[in-house]
Amino acid sequence: MNRSRTLPVAAVSLAAAAALLLAGCGGDDGDSGEDKAAGGGSAEKSASPSAKKSAAAAIERPAMKFPSDVRLVFEKSELTDPEQAAALNDAQNYARSTVYGIVEQDPENAAYKFYSEAGSDAREYAKSQIRNHSSADFSVTGERSHSDAKVQPGGGADKKGMVVTFCSDESKMSGKDLRTKEKIPFEPGPKNYWFWRIEMVPSKSTDGLWLAQKAKVKDEAAQCR
């Protein structure tokens, strides 16, 4: 288990504790309501890059409309491989959906379930983050940036998926006490820099969709500073 910021609870003043955006105890497998194995059959392997891009573009995805005070910025990727690009895109969507669930204060929000494999550690990780925040009436405000994304083959239990890594910077984010509307700045320093490692697998039911199966998020990441 990776270290994480401590989420304030009722017995502790919110102002006295630095809130986490995403704690670092990463889930190890992901589960999503939609599973379509893009890499499991010969038809997928024989599909052209343009066909794969079209399939991903045609997916009906859950809307995530953030309030004006919350901004997530992802560095543009130069990946040319369509499967790697799709895996990265949905890994970022998984990260985005976890924050969206926190903002919505909804541990059962459809977005993170859409981008994680049902029953997986990745799904449980997202749910626990959202549940911990919502039970404390705690949300976030500000900007989080993401950079240095990399994608390598070998993700998932069968090693046929993709491993996506990237950094995130929360130095421009703050916590928000929803009961008092108080803005609580995160403590400056290395704890604001996080390293993400997400194992993505192709959905078995939706062509072009990739699902988080395992997610590990570590704070004080030296490689992200």
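Every value quoted in this text rests on a predicted model; they were computed, and no experiment measured them.
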- Item | For D69, salt bridge (charged side-chain N to carboxylate O under 4.0 Å, His left out) partners two or more places apart | K176
- Can you run down the disulfide bond (SG atoms under 2.5 Å apart) pairs that involve residues 168-201, sequence neighbours left out, and say none if there aren't any? none
What donor-acceptor contacts under 3.5 angstrom involve side-chain atoms of residues 87-95, with partners at least two apart or in another chain?
residue: D90; atom: OD1; partner: R61; partner atom: NH1; Å: 2.7
residue: D90; atom: OD1; partner: N93; partner atom: ND2; Å: 3.2
residue: D90; atom: OD2; partner: W210; partner atom: N; Å: 2.9
residue: N93; atom: OD1; partner: R96; partner atom: NH1; Å: 2.6
residue: N93; atom: ND2; partner: N89; partner atom: O; Å: 3.3
residue: Y94; atom: OH; partner: A122; partner atom: O; Å: 2.5

- Listed partners of E108 passing salt bridge (charged side-chain N to carboxylate O under 4.0 Å, His left out), at least two apart: K113, K127
- Note on the structure: Residue set satisfying ring-ring contact (aromatic ring centres under 6.0 Å, His included) with F195, at least two apart, ordered chain then number -> none
- Task: Evaluate the criterion salt bridge (Lys or Arg N to Asp or Glu O under 4.0 Å) for residue pair E124 and R131; output intermediate values, then yes/no.
- Result: CA-CA 10 Å; E124 179 54 35; R131 182 177 58 236; 3.5 Å; yes
- Output all residues satisfying side-chain contact (heavy atoms from CB on, under 4.5 Å) with V163, sequence neighbours left out; order by chain, then residue number. T165, R197, E199
- Message: Can you list everything that forms a side-chain hydrogen bond (donor to acceptor under 3.5 Å, both in side chains) with S171? Sequence neighbours excluded, please.
- Response: D169
- Using the six-membered ring wherever Trp is involved, compare the ring planes of F66 and Y100 and label them parallel, tilted or perpendicular (cut-offs 30° and 60°). perpendicular
- Who are the salt bridge (charged side-chain N to carboxylate O under 4.0 Å, His left out) partners of D81, not counting sequence neighbours? none
- Judged by atom type as modelled, is there a donor-acceptor pair below 3.5 Å linking the side chain of E220 to the main-chain atoms of N192? no
- Sort and list the pairs that fulfil salt bridge (charged side-chain N to carboxylate O under 4.0 Å, His left out) and have at least one residue in residues 146-156, not counting sequence neighbours. D148-K150
- Query: disulfide bond (SG atoms under 2.5 Å apart): which pairs involve residues 61-114, sequence neighbours left out?
  - Reply: none
- Message: Can you list everything that forms a side-chain hydrogen bond (donor to acceptor under 3.5 Å, both in side chains) with S168? Sequence neighbours excluded, please.
- Response: W196
- Could you give all pairs that pass the disulfide bond (SG atoms under 2.5 Å apart) test and reach residues 160-225, with sequence neighbours left out? C167-C224
